[in-house]
Structures are given as C-alpha cells and as structure tokens.
Protein chains: 2
Amino acid sequence: MRTTIKDIANYTGFSVTTISLVLNNKANKIPKSTKDTILEAVEKLNYHPNRLAVGLVKKRTDTIGLIISDVSNVFFSNLAKGVEDECRKKGWNLFLCNTNDKHTRDLSYIQALADKGVDGILFCMSLDSDKKKAMESIKLFEKLKMPFVMIDRFLEEATCSSVVVDHVQGGYAATKYLLDHGHKKIGCITGPRELEDSCDRFAGYKKALDEYEVAFRKELVYEGKYDCESGATGADYLLKQDVTAIFAFNDMSAYGAYNRMNQKGIKIPEEISLIGYDDIFFSELLDVPLTTVHQPVYDMGVEAVRQLAAEVESERGSRKCITFQPVLIERASVADKKRSKIK
Amino acid sequence: MRTTIKDIANYTGFSVTTISLVLNNKANKIPKSTKDTILEAVEKLNYHPNRLAVGLVKKRTDTIGLIISDVSNVFFSNLAKGVEDECRKKGWNLFLCNTNDKHTRDLSYIQALADKGVDGILFCMSLDSDKKKAMESIKLFEKLKMPFVMIDRFLEEATCSSVVVDHVQGGYAATKYLLDHGHKKIGCITGPRELEDSCDRFAGYKKALDEYEVAFRKELVYEGKYDCESGATGADYLLKQDVTAIFAFNDMSAYGAYNRMNQKGIKIPEEISLIGYDDIFFSELLDVPLTTVHQPVYDMGVEAVRQLAAEVESERGSRKCITFQPVLIERASVADKKRSKIK
DNA sequence: CTGTTAGCGCTTTCAG
DNA sequence: CTGAAAGCGCTAACAG
C-alpha cells in the first residue's frame with residue numbers, strides 16, 4: 001500500500017491537518033521545527049499525495065486534455081509537442097485524444113475528459129463539423145463549464161480563447177512572392193473547398209493578384225485534397241494551362257506536384273516555380289528544398305496552453321484570439337520567371 | 001454543479017447503492033422497473049459519474065500513460081497513434097509524456113502518473129539511460145507496483161512484458177537484399193554505437209555478409225547519428241571507398257545520403273543502390289522511392305496496449321516479450337549491381 | 001431486492 | 001499553533 005497522509009500523521013505524531021497544511025504551503029503559523037519533522041517524514045516514508053483524492057476535493061487536477069484529429073499527422077504531432085512541453089513547465093499532465101475528424105468523438109472525448117476532472121481542454125475541432133455540429137461542441141463545453149481554447153479553427157459564436165494562424169496572410173505572402181519573381185500565370189492547388197483554411201489561403205491568393213493587377217482566372221485553380229495524389233493530378237492539370245508557377249496550399253500536395261514534374265522531366269525551379277504551405281520538416285530535405293509558408297505550430301501549442309491557463313485561473317474572462325502570422329521560408333523551388341517564355 | 005449520484009437518488013427515491021448497482025451492471029436482483037426509472041433519471045438529469053471519485057475507491061481509472069522521448073518524431077507519433085486507437089477501443093484514456101530522452105524525466109513522469117492513479121504505463125526508456133539508470137526506472141515501477149510494458153527497448157532484468165522489433169533480422173534482410181542484387185561492396189551508415197538498435201542492425205548486416213561469404217571490411221562502416229547530416233557525410237565517405245550500395249540504418253540518414261548523391265549527380269539506383277530503415281511516410285514520396293525496412297510501429301502501439309491490459313487484469317504474470325519482424329519494402333532505390341563495374 | 005454505513009485519501013472550516 | 005470533523009462523489013460490505 002502507498003503511504004498516505006495518515007501514515008505521516010501517525011509517524012510524526014501530528015494530525016493530518018498539520019501535515020496537509022505544511023505540504024500545501026499554508027503553514028504560515030507553524031513553527032519551523034514541526035515543519036521540518038514533517039518534511040523529513042515525508043521524505044523518509046516517500047510520501048506522494050494521491051492526486052485523485054486531491055482532485056476530488058480541490059476540483060483541480062493539474063491535468064488538461066488535447067483533442068486533435070490525428071497525432072500521426074506531423075502538423076498535430078508538432079502541436080502536441082509544444083503543448084506537452086508547456087504543460088510540463090506548469091507541472092500539468094496531458095491527455096491525448098485523437099478523433100480522426102469524427103465529430104461524435106469530439107463530443108465523447110469532451111465528456112470523458114470532463115468526467116476525469118481535467119481543468120481545461122485544448123480543442124481542435126474535427127473536420128467533419130459543420131457550423132451546427134461545431135455549436136454542439138461549444139454548447140457542451142459551456143454546459144460543463146469547461147474552460148477550453150480552440151486551436152486552428154475558430155468560431156465567432158464561441159465564448160472562448162483561440163489560437164489560429166492568419167491563412168489569408170499566408171496565401172497572400174506566397175502569391176506575392178511568386179508575383180515578385182515575375183510570375184503572372186500562377187496556378188494554385190487548393191484544399192477541399194469546405195475547409196476554412198483553404199478558403200483563407202485562396203482569399204490571400206486573390207488579394208495578392210488584385211494588388212498586382214493580375215487578372216484572376218478560375219481555370220488556374222485546381223481543387224485538391226491536401227494530399228500527394230491530388231497534388232500530382234493538380235500539377236498535370238495546371239501544366240496544361242501553361243502556368244509558370246504553382247502555389248500548392250499544403251506541402252503534401254506540393255510534394256505530389258514536385259514528383260510529377262520530376263517524372264515529366266520538368267525542372268524546378270528553372271521551368272516551373274513551386275511553393276508550398278506548412279513547412280513540414282521534410283520540405284527542406286528535398287533535392288530542391290521547397291520554398292514554403294511556415295506555420296509556427298509548436299509555438300501555437302505553447303501559446304494555447306498559456307491561454308488555457310489564463311482561462312482556468314481567471315474563471316473565464318480572457319477570451320482572447322491570438323493570431324499567429326505564418327512566415328515565408330525562402331528555399332530553392334522558386335526562381336524568376338524566364339523572360340524567354342511568352343506572356 | 002454537476003449532477004451526482006445523490007441527485008439521482010433523490011430524484012428517483014432510491015438509495016445511492018441501488019443507483020450504483022444498476023449503473024455498474026451488478027443489478028442481478030433488481031427489478032427491471034426500478035432499473036428503468038433509474039436509467040431514465042440518469043438520462044434526464046444527464047448524469048455522468050465523477051471518475052475521480054470512482055478511481056479513488058476502485059483503484060482503477062481506465063487511464064494509462066505513455067512515456068516516450070518525443071511525439072514530434074514520426075516514429076513515436078505513429079506509435080502514439082496505435083496506442084491511442086487501442087485505448088479508445090478499450091474505453092481508456094491516455095496520458096502523453098515526452099521525456100526528450102532525459103532519464104530524470106522518465107522517473108518523474110512515472111511517479112506523477114502513479115500519483116494520478118493510472119492503471120499502467122507504456123514505457124519507452126529514454127536514450128540517455130545506461131543500464132544503471134534503466135534499473136532505477138524498473139525499480140521504481142516495482143516499488144509502485146505499477147504494471148508496465150517496455151516498448152522498443154528491453155531489459156533482461158525487468159519483470160515485465162515488452163514489445164520490440166527484431167533489428168538483427170531487419171539489418172539482415174536489408175543486407176541480404178543488397179547481396180541478392182549482386183552487391184558485394186556494401187557500405188553502411190550506422191546509428192550511434194551506444195544504441196542497441198543500431199548494434200542489432202549492424203549484427204544483422206554482418207550476419208548476412210557471413211552467410212554470403214563476403215568478407216566484412218570495417219572501412220565500409222561509417223558511424224552516423226541517425227540524422228540527415230551524418231547521412232550526407234557518410235555518403236561522401238563511402239563513395240570514396242567505392243561502394244556499390246549503401247545501407248543506411250535509418251531513413252533520415254538515407255535521405256541525407258540520397259540528397260548528397262543527387263547533388264553529386266550520382267544516379268540512384270543505377271550507379272549506387274540505397275536502402276533505408278524505418279519506412280517513414282516520406283520514403284515513398286521521393287523521386288526515387290526509397291527501398292527500406294518497415295517497422296510496424298502502429299501495430300506495436302496496439303499490441304503494447306493489449307499487453308498492458310493483460311498485465312493490469314491478471315495482476316502480473318504475463319511477462320511476455322513480443323517481437324515484431326520488420327519487413328523489407330521494395331521500392332526503387334536498389335538495382336542489380338552493374339556487371340561493368342570491376343569487382 | 002434495497003438501504004445504511006463505512007471508507008477511498010485528501011482539504012478545509014471551525015474550535016480550542 | 002494544532003486537531004476534530006465534515007465532506008468531495010462514489011463503491012461495497014453488510015444488514016434487513
């Protein structure tokens with residue numbers, strides 16, 4: 001059996017109250033001598049408080065949950081790393097929950113975590129959530145009075161903090177970079193049109209085009225699925241449109257395009273410039289390191305925990321929306337547009 | 001305030017015992033009618049048991065911990081995925097702990113998880129653990145009477161289950177494959193020599209050489225660090241030794257070698273064959289998809305949870321050591337040795 | 001079949 | 001300064 005506070009009481013002759021007091025630093029008026037005997041006993045008997053019991057009475061467990069779709073996705077694993085590192089600093093523990101983008105799992109994890117007494121939840125809504133489903137999740141949080149911060153996706157209606165990245169800016173930066181390199185026929189391989197982040201990047205793309213007074217042409221837009229395969233078919237399509245540069249809305253589809261062009265013997269960046277989005281660790285390892293838009297995922301994880309901490313401490317109120325600016329990482333996959341090419 | 005079992009008691013008029021009984025399916029002798037009223041009330045008042053309280057008395061929390069060095073490493077994130085998926089199936093929750101390979105964190109996480117009442121721990125010992133430190137961890141588990149299963153690394157002395165992969169076999173298979181393709185001068189880029197898995201792969205490499213009666217030559221061995229950079233310098237070195245094939249002990253160093261050869265204009269696999277180890281998702285996305293040794297990481301995660309479940313249920317006893325066989329994934333980075341080349 | 005009661009291990013008034 | 005006692009929400013003998 002583990003040593004309990006009672007054991008310490010018996011051993012030292014003091015009452016459990018006194019023990020508890022000194023262990024929780026509420027021992028203003030307890031003489032150093034008794035403090036010391038107690039601390040010694042704690043050491044000697046190797047006493048460690050049972051956190052379940054503590055949690056039961058304090059209604060605080062120093063534990064939070066992280067709900068994401070899939071840790072094996074590099075985006076999320078980096079996020080999780082940031083989250084866990086920050087938790088460790090705070091002396092917290094982290095529950096990891098993968099929903100695989102199933103909304104019903106969002107719901108069941110939220111409830112399960114609440115039942116286990118977490119102090120708060122970091123919530124990356126599942127992708128199959130339409131507005132109605134999203135509100136369902138939010139309502140559940142509210143019903144449970146569970147502090148939470150939304151990551152990567154945000155809902156106006158939610159009374160919570162959030163940390164997101166400005167994808168409009170990201171899309172804008174990537175496109176502008178291409179434009180600055182003289183490209184005008186810039187194809188893009190988007191993500192699924194339902195996804196807000198894809199729409200945002202698209203908005204950024206258009207904004208840059210506008211700013212440079214390059215007419216938007218919808219035949220230069222290919223709707224991909226954020227995966228390699230659709231990146232490859234996207235490249236096939238755009239090549240036929242005779243683009244000089246491709247902006248893939250995530251690195252995975254950029255890889256697909258990259259490989260396809262390689263197969264076809266099309267040189268990057270000499271013949272076609274390519275730019276990605278995400279900055280997966282792999283992108284810099286390619287033969288032609290990929291120029292891409294970096295999302296500060298790890299930092300977002302850290303910040304999310306801090307927001308949650310604020311939320312937990314202050315009993316709501318914070319409700320801040322922290323926006324991270326993505327940053328363009330210049331590598332080798334973009335070159336000036338060849339003058340030789342017509343138009 | 002959350003509804004408690006007492007609320008249900010008050011609401012239905014039955015005692016808390018009765019409620020508890022039906023909720024825990026120990027209601028053999030309780031008439032369906034009362035069962036139904038209770039279940040209805042539970043539904044209506046939206047009652048969810050407080051798991052902290054349950055855990056306190058039952059000494060079971062349906063929660064386990066996973067201690068690894070770093071989730072942002074693809075190996076571990078895939079492992080974690082397998083673990084979490086299996087946990088979900090069992091209705092368990094998962095604590096995620098990153099040690100960054102610091103042994104003291106192994107210790108503090110083990111204790112912290114125990115304090116929070118986990119039923120067991122999946123333990124991937126930190127890399128800076130020598131035998132003595134490793135035993136320290138094991139002893140702690142034993143002192144705490146905490147069920148655990150070791151993953152990826154195993155210690156004879158430990159009375160626990162473990163799931164590992166047979167790296168000797170992996171190294172053997174990779175080397176044999178190269179030999180079968182007519183290569184005799186096979187260079188290898190190992191991992192740090194302190195690491196057991198690297199030694200094992202090396203043993204497999206030698207074993208295959210022996211079997212094919214190809215003399216081992218130590219100048220064909222380059223000690224790398226399991227990263228891209230050392231892979232590149234390893235390639236530089238081995239190229240000077242005039243090898244016809246390179247076996248990199250992990251995919252990261254294989255990428256390093258791959259890129260370096262690309263830079264030098266050396267064609268893979270025409271001029272040099274290359275084989276990796278790990279089968280990171282990226283390996284198949286390369287221009288020349290990398291032939292590599294696949295470790296069934298996800299499945300290991302799943303199996304580890306099952307082992308732990310057995311351990312937890314049967315109050316020790318199992319103590320099985322499950323060995324996974326790595327499998328060679330044939331892709332495009334290995335070719336028959338050119339006859340033209342001398343020797 | 002159902003209720004009473006005693007904990008699980010800890011914190012926290014409230015007395016003294 | 002320290003201790004007794006109540007209670008967090010639940011389970012599990014033990015009665016009846």
Side-chain angles (χ1 to χ4, degrees), chain A residues 1-39 41-42 45-63 111-112 114-119 144-145, chain B residues 1-39 41-42 45-63 111-112 114-119 144-145:
Chain A
M1 219 54 276
R2 281 174 63 117
T3 357
T4 72
I5 197 171
K6 235 174 180 170
D7 296 328
I8 305 292
N10 289 146
Y11 186 84
T12 59
F14 291 104
S15 74
V16 293
T17 312
T18 311
I19 317 292
S20 175
L21 252 27
V22 342
L23 256 35
N24 290 290
N25 288 318
K26 296 189 176 171
N28 318 309
K29 317 192 162 176
I30 291 179
K32 189 161 183 313
S33 62
T34 78
K35 242 188 230 176
D36 287 345
T37 25
I38 289 176
L39 260 13
V42 163
L45 303 190
N46 193 246
Y47 169 68
H48 290 268
N50 178 326
R51 297 287 164 203
L52 291 178
V54 176
L56 189 55
V57 16
K58 280 210 199 171
K59 269 105 189 63
R60 272 296 202 83
T61 54
D62 292 335
T63 298
Q111 183 69 56
D115 296 346
K116 296 214 170 165
V118 298
D119 298 335
L144 295 168
K145 296 197 198 327
Chain B
M1 218 56 274
R2 279 173 63 116
T3 13
T4 73
I5 198 172
K6 236 174 181 170
D7 296 327
I8 305 291
N10 288 145
Y11 186 84
T12 59
F14 292 105
S15 75
V16 292
T17 313
T18 311
I19 317 290
S20 176
L21 253 27
V22 341
L23 254 35
N24 290 291
N25 287 317
K26 296 188 177 172
N28 318 309
K29 317 192 165 176
I30 291 178
K32 189 158 184 316
S33 63
T34 79
K35 240 188 231 175
D36 287 345
T37 26
I38 289 176
L39 261 13
V42 164
L45 303 191
N46 193 245
Y47 169 68
H48 290 268
N50 177 327
R51 297 287 163 203
L52 291 178
V54 176
L56 189 55
V57 18
K58 280 211 197 171
K59 269 103 188 66
R60 273 297 202 81
T61 53
D62 293 336
T63 298
Q111 183 69 56
D115 297 347
K116 296 214 172 167
V118 298
D119 297 335
L144 295 168
K145 298 199 196 327

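Within every chain, numbering begins at 1; the chains are lettered A, B, ... in the order of the sequence lines, protein sequences first and strands thereafter. Everything quoted here is computed from the prediction, not taken from an experiment.
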Checklist outcome for this item: Checking dC10(C), dT2(D), dT11(D) against the side chain of Val57(B) (C-beta onward), the nearest is dT11(D)
Starting at [atom1] of [X] and ending at [atom2] of [N], how long is that distance when rounded to a whole Å?
X	N	atom1	atom2	result
Tyr47(B)	dC10(D)	OH	C1'	7 Å
Leu21(A)	dC14(C)	CG	P	15 Å
Ile19(B)	dC10(D)	CD1	C1'	12 Å
Ile38(A)	dT11(C)	CD1	P	12 Å
Arg2(B)	dC8(D)	CZ	C1'	13 Å
Lys6(B)	dT5(C)	NZ	C1'	13 Å
Ile5(B)	dT4(C)	CD1	C1'	14 Å
Lys58(B)	dC8(D)	NZ	P	21 Å

Checklist entry - Quick one: are Lys6(B) and Ile19(B) in side-chain contact, heavy atoms under 4.5 Å? => result no
Checklist entry - Just by modelled atom types, is the His48(B) backbone N or O under 3.5 Å from a matching donor or acceptor in the Arg2(B) side chain? => result yes
Next on the checklist: Can a donor-acceptor pair be found, under 3.5 Å and without considering hydrogens, that links the side chain of Thr12(A) to the backbone of Ile8(A)?
Outcome noted: yes
Next on the checklist: Quick check: any donor-acceptor pair below 3.5 Å linking the side-chain of Thr17(B) to the base of dT4(C)?
Outcome noted: yes
Checklist entry - Is a salt bridge present between Asp119(A) and Lys58(A), judged by a nitrogen-to-oxygen distance below 4.0 Å? => result no
Are any of [X]'s side-chain N or O atoms less than 4.0 Å away from OP1 or OP2 of [N]?
X	N	answer
Asn50(B)	dC8(D)	no
Ser20(B)	dC10(D)	no
Ser15(A)	dG3(D)	yes

Checklist entry - Just checking Thr4(B): base, sugar-phosphate only, or nothing, at a heavy-atom cut-off of under 4.0 Å? => result sugar-phosphate
Checklist entry - So what does Gly13(A) hit on the nucleic acid, given a heavy-atom distance under 4.0 Å: a base, only sugar-phosphate, or nothing? => result sugar-phosphate
Item to check | Among Asn50(A), Leu52(A), Thr63(A), Val54(A), side chain to side chain contact (heavy atoms under 4.5 Å, CB included) partner for Lys116(B) | outcome: Thr63(A)
Item to check | Pro49(A) vs Val16(B), nearer the 5' end of DNA chain C by closest nucleotide | outcome: Val16(B)
